[in-house]
Amino acid sequence: EFGGTRWIATAWDGPVMSSTDGVAWSPITNLRLGQISYGNGRWVVIGSDRRTFFRSADGSTWLEAPSPIVFQGWADSTLAFGDGQWLAASLGSDRELIASTDGETWTVRPLPDEVRRVNPDNRLLYLSLAYGTGNWLLQYPSCPTSGVGCTNLLWKSKDGHTWEKLIPNVGSLDSVQFAPGPEGGLWFGYDVTGSRICVSKDLDHWECSAGAPEVGGPFGSRGPIVRV
């Protein structure tokens with residue numbers, strides 16, 4: 001994650017590395033961190049103990065703060081910054097959304113009952129938050145225990161408080177991501193049923209390309225999309 005004048009790289013319960021040029025990397029000692037996000041002039045990171053947040057303005061000195069929820073691990077925890085705030089969530093028993101404007105004080109926000117409800121017949125593989133074009137996106141695939149017939153569920157919010165379930169007009173969209181670009185950027189998703197790359201400016205109206213390459217099948221690819 002880049003912020004200010006340097007990159008910070010983390011791996012769940014692994015070493016934290018810092019670089020100012022992307023070539024030479026040095027470890028930040030005594031820290032083992034997870035998901036990371038930059039905003040408001042600082043990095044905010046989920047600690048590897050899954051109960052703590054760390055924050056830093058320079059990438060060298062880190063301060064910690066308790067989390068009101070317990071995170072489960074890398075894949076089923078998510079942290080993102082947008083519109084002056086961080087949002088974080090987890091798929092664990094504390095299936096709650098929490099928010100902070102400074103990375104120190106966190107408050108719990110209610111998620112829709114459908115998101116919080118645990119269905120014993122389904123398994124949720126990961127949870128993802130993203131922000132772009134004035135919209136928050138919460139998404140997660142819900143899969144039967146057989147692993148067949150997964151559905152990627154999408155929820156949209158303007159403020160991180162009130163959420164609206166999205167029904168895309170193009171079928172089932174896998175791994176929707178935001179990429180900054182001209183005129184604010186675009187949302188990208190892979191239409192599993194039609195094997196197409198689809199784009200949207202507002203998450204409501206989608207346009208899809210024809211003949212897109214296969215990218216791994218339902219929920220088989222979660223790599224980033226970037227503008228160069």
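A quick note: this is a predicted structure, and the numbers were derived from the prediction, not measured. One-based numbering along the sequence shown.
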According to side chain to side chain contact (heavy atoms under 4.5 Å, CB included), who are the partners of T52, at least two apart in sequence or on a separate chain? D49, F54, E64
Do W155 and L166 have side chains that approach each other closer than 4.5 Å (heavy atoms only, starting at C-beta)? no
Would you call Q177 and L137 a side-chain contact if the rule is heavy atoms closer than 4.5 Å? no
For [X] versus [Y], what's the shortest heavy-atom pair and its separation?
| X | Y | answer |
| --- | --- | --- |
| S37 | W86 | O-NE1, 3.5 Å |
| W62 | V45 | CZ3-CG2, 3.4 Å |
| W136 | G160 | CD1-N, 3.8 Å |
| N152 | L173 | ND2-O, 2.8 Å |
| N135 | L203 | CB-CD1, 3.9 Å |
| L79 | A88 | CD1-CB, 3.9 Å |

Can any side-chain N or O of [X] pair as donor or acceptor with the backbone N or O of [Y] at less than 3.5 Å?
| X | Y | result |
| --- | --- | --- |
| S209 | I197 | yes |
| R42 | D102 | yes |
| S200 | H205 | yes |

Filter on salt bridge (charged side-chain N to carboxylate O under 4.0 Å, His left out), then keep only pairs touching residues 151-171, sequence neighbours left out; what's left? E114-K165, K156-D204
Inspect the surroundings of NE2 in H161 and state if more than 12 heavy atoms from other residues, nucleotides or ligands are less than 6.0 Å away. yes
Verify same cluster id: I98, L63 (apolar side-chain graph, 4.5 Å): no
Quick one: [atom1] on [X] to [atom2] on [Y], what's the gap to the nearest 0.5 Å?
| X | Y | atom1 | atom2 | value |
| --- | --- | --- | --- | --- |
| Y140 | T78 | OH | OG1 | 13.5 Å |
| R50 | S67 | CZ | OG | 11.5 Å |
| M17 | W25 | CE | CH2 | 8.0 Å |

Side chains of R6 and S18: any donor to acceptor distance under 3.5 Å? yes
Flag for W187-T133: side-chain donor and acceptor within less than 3.5 Å: yes
If you apply the rule side chain to side chain contact (heavy atoms under 4.5 Å, CB included), what do you find for V44 with W106, and how did you get there? CA-CA 12 Å; V44 172; W106 294 83; 3.8 Å; yes
Where at least one partner belongs to residues 168-210, residue pairs that pass disulfide bond (SG atoms under 2.5 Å apart), sequence neighbours excluded: C198-C208
